[in-house]
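These notes concern the structure reproduced below.
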Amino acid sequence: MEKNKKRESEIVQWSYDLVQNAYLVKPDDADNHHDIYLNYLFPFCNNYYGPTNPLVIFGGHSVKDLPERPYITVRDGIVPLCILFRDIKPSAIKGHLFIHRDLWFTVPEDWREKVKFFDVEATTVYDSKNLPKRIFIAGTLNSTLADPEEFEGLVKNLCDGLGKENIKNIDIMAFFPNKRTDLWGAWEEENVLNYSRAIFEHLKVEIKTPEWPVIHSENNFKDCLYYEVNAGTLVKDSYLSHFTLSRGAGLLRRTPDPIDAHFRLTSTVGLSLYHRMNLYEIDYEKVTLYCDPLMGDNFRYYKKLIEAANHKKKFNFKWEKWLATYLKRFFKESRHGALE
Amino acid sequence: MKKVIIIKSSQESVWGSCKVISPNLYAAYEALAEAGEVELKTYAYFSEVFVDNLLNGSDNIAELAELITNWKPDILAFVDHVPHPEWVLKQLTHLLALKKIPPVLVHVYGDFSFFSDDWWRFGIKFKGHPVKLVVASAAQKRLVSFFLEESQAPSEVGQYLFPVNDSQYFFDPKAREEFRAEQEIAPEERVILYAGRISLQKNVDLLVREFRSLAQSSTVPLRLWIVGAFDDVGAIFMGAKNYEGFMYAKIQKILAGFPPDLRSKVTLWGQQDSLTLRRLKSAADVFVSLSLYHDEDFGMSPAEALACGLPSVLTDWGGYGSFPGKGWDCRLVPVEISEFGHKINLRKLRDDITEIISSETTDEQRLSFSKAFAAEFSIRSSSTKLREILSQPFSPLPGFKWNLNYLSTIFWKEQRRSKYYFEFIGREVNANFHPTSNSFYYDIYRNYITGPLDLGKNNGKE
């Protein structure tokens, strides 16, 4: 302190801030596959900064690139996480990984010591008793974030949470980038109609659809509910969520889950004036043992089927399409009855 | 009576300060029109960057050409920071011969260097056409003149301050009393206020650190209020790009090191409307901004604080250098561009703040400061300056020097490479564009410093 008082001047060097941020920048040698992944998930997988080092690992980072930090927040969804747990040995990570608490069931036994959990909580929570003045709903009109079934279910969830009658009186702004590729199957123009129908049927027809530069330049989301139609398959904690929440947006009230009782809140980290990240540990003794999706007869049988169907592969992503499809189905079916 | 077509954007600007500046500027033109001194028509241009309000504005340049042909205006005036005049005039020249386009007046904003690419093209296409560039401060005049052909440079750039809305920002003694009571501020407590974006180049982190030092040595109890949204634009000209959330984390990390009782004296207010801002500025005791922002051509937030009669301590940087005056209390902290970075004189900063907080500024003094500042910076008084600018003859644009092309090449290199506009600006540090002496950055931004420079050059100051 004494030293501080004597300082006659301050040299401001912003380039040091660049160095501090450098680990977040996609490595220059990240291969083309990552570029495809990044473009496909733009802007949901964009980087943001936080004290717990949030990263989208499949946005170009391999484990050797990961800094030797005591903790890293993995924002990825089910599929990249399972591949991470399959391909990497826990000893390769020096610190701890935080994954989204909704994905607790993906952690293999040998990874349990290394993995902790997080969720994002907004200061403002909306429900049918505390209504927002406007809703900002975001997602994609293809299966990037949710397939048609999941999409309709998630939109309906918003409708049920606020009440259909109430939604009629709330302004809605929607952002659904429509990329003409589809991860889980051939791109079909009709799908756009399916997705659109779900929005119009469960919400309303009068919806504003600003483009990305307009959304990106908006700096006030107060009195606004941010709702993401995202099943968490590829990216769980999105940049758009961080972007809107840090500008004052709120979230829909979360439906309680029986698993909640087994999470222990260890600390809370502020991400902005309006939202924070909660960090948890889980009591593994209270939940069923992990069931490895990548082992067993079902997997081998399924793999053969998909390999045969995709004999001429057009894409060669590291997170192969057949594996992703398999994992998606596996977790949909096994999620029920996970608690003892 | 002069006929003026005002060309403005059909959309509201995305920048907070421009949301205030453009309407105030337009109001100054309207005040002249109401006084019967000019005749106005407006043309709303749809700028392609922001495509949301397509239906609200005209995207038909033929309408503008027709208006010019039939109405025969004396001046085309650009009052917004977008559309850039190059975008509009380029299209207009497809329909009208250049000699049929009336003299052009451009209110140049701080983003002159950001739009260096567009200005360079503008200089090539409209060299010789009657153009008046009107800037917001003496510093911005020096910066723009640095890029203009030397032969006629100083006379080509008119200086005109952006007007402050004094019906929104004035000292309100009642609000001061009420707000301090609401916040439980003791009469002897002094409040240091910063309002504006909390961005890397605004150096709010340095202010927070200095607050700790001040609070521990001050004889009066202190509070720090920080008002504004966090912004992670970074320092784009330095290649320093922040990710979302970095500034918040940075400030929180500093505050986490504070003793708990001192931490409770710092309030982050977030973004506030103009009414709350007036109350905050009336209730505070000193405004401090240590901004070294690359396009700080004016400083609307300090101007609004001064309009509220608030004594202010500002860095000698950009438009801030135009604020000290006889009728109000505004002090400048010396800044240098040194071999290692921007150097801020902390001793002067502490001395100025200590002097202000140790002697109480009475309500009468605040009212007097507020009135004196408004007399020079309000919309009404700005109209007078605007009248002079409109009445003076327009000279042919001398064109820009090659160094503007160099700036645009350095800065827009990344931009051109990027697929997403604004996404990956300036990710690379350019050795020639760093805050060291004998660099291109120094050559440009030494013009933002009013006080003596470390190299002691005159640098085109008036």
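Naming convention: chains lettered A, B, ... in sequence-line order (proteins, then strands); numbering from 1 in each chain.
- Asn345(B) touches chain A through backbone and side chain together, each having a heavy atom under 4.5 Å away.
- Residues passing the salt bridge (Lys or Arg N to Asp or Glu O under 4.0 Å) test with Glu10(A) are Arg7(A), Arg209(B), sequence neighbours excluded.
- With a threshold of 4.5 angstrom between heavy atoms, Lys222(A) approaches chain B through side-chain atoms but not through N, CA, C or O.
- Interface residue Gln271(B): backbone and side-chain heavy atoms are both found under 4.5 Å from chain A.
- For Leu292(B), the parts sitting under 4.5 Å from any heavy atom of chain A are the backbone and the side chain alike.
- For Ile11(A), the parts lying under 4.5 angstrom from a heavy atom of chain B are both the backbone and the side chain.
- Between chain B and the residues Gly270(A), Pro51(A), Pro43(A), the largest count of heavy-atom pairs under 4.5 Å involves Gly270(A).
- Summarising the geometry, atom CD belonging to Glu244(B) is positioned 6.0 Å from atom CZ belonging to Phe243(A); distances are rounded to the nearest 0.5 Å.
- The contact between Leu268(B) and chain A is made by backbone and side chain atoms together, counting heavy-atom distances below 4.5 Å.
- Ser9(A) OG to His342(B) NE2: the interatomic distance, rounded to the nearest 0.5 Å, is 13.5 Å.
- Partners of Asp352(B) according to the salt bridge (Lys or Arg N to Asp or Glu O under 4.0 Å) rule, which considers only residues two or more places apart in sequence or in another chain, are Arg331(B), Lys348(B).
- Contacts between residues 273-280 of chain A and chain B, counted as heavy-atom pairs separated by less than 4.5 Å, involve Leu273(A), Tyr274(A).
- Checked against salt bridge (Lys or Arg N to Asp or Glu O under 4.0 Å), Arg347(B) has the following partners two or more places apart in sequence or in another chain: Glu8(A).
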Q: Would you check, one step at a time, whether the test ring pair (Phe, Tyr, Trp, His ring centres under 6.0 Å) holds for Tyr243(B) with Tyr49(A)?
A: CA-CA 5 Å; Tyr243(B) 286 100; Tyr49(A) 184 92; 8.2 Å; no
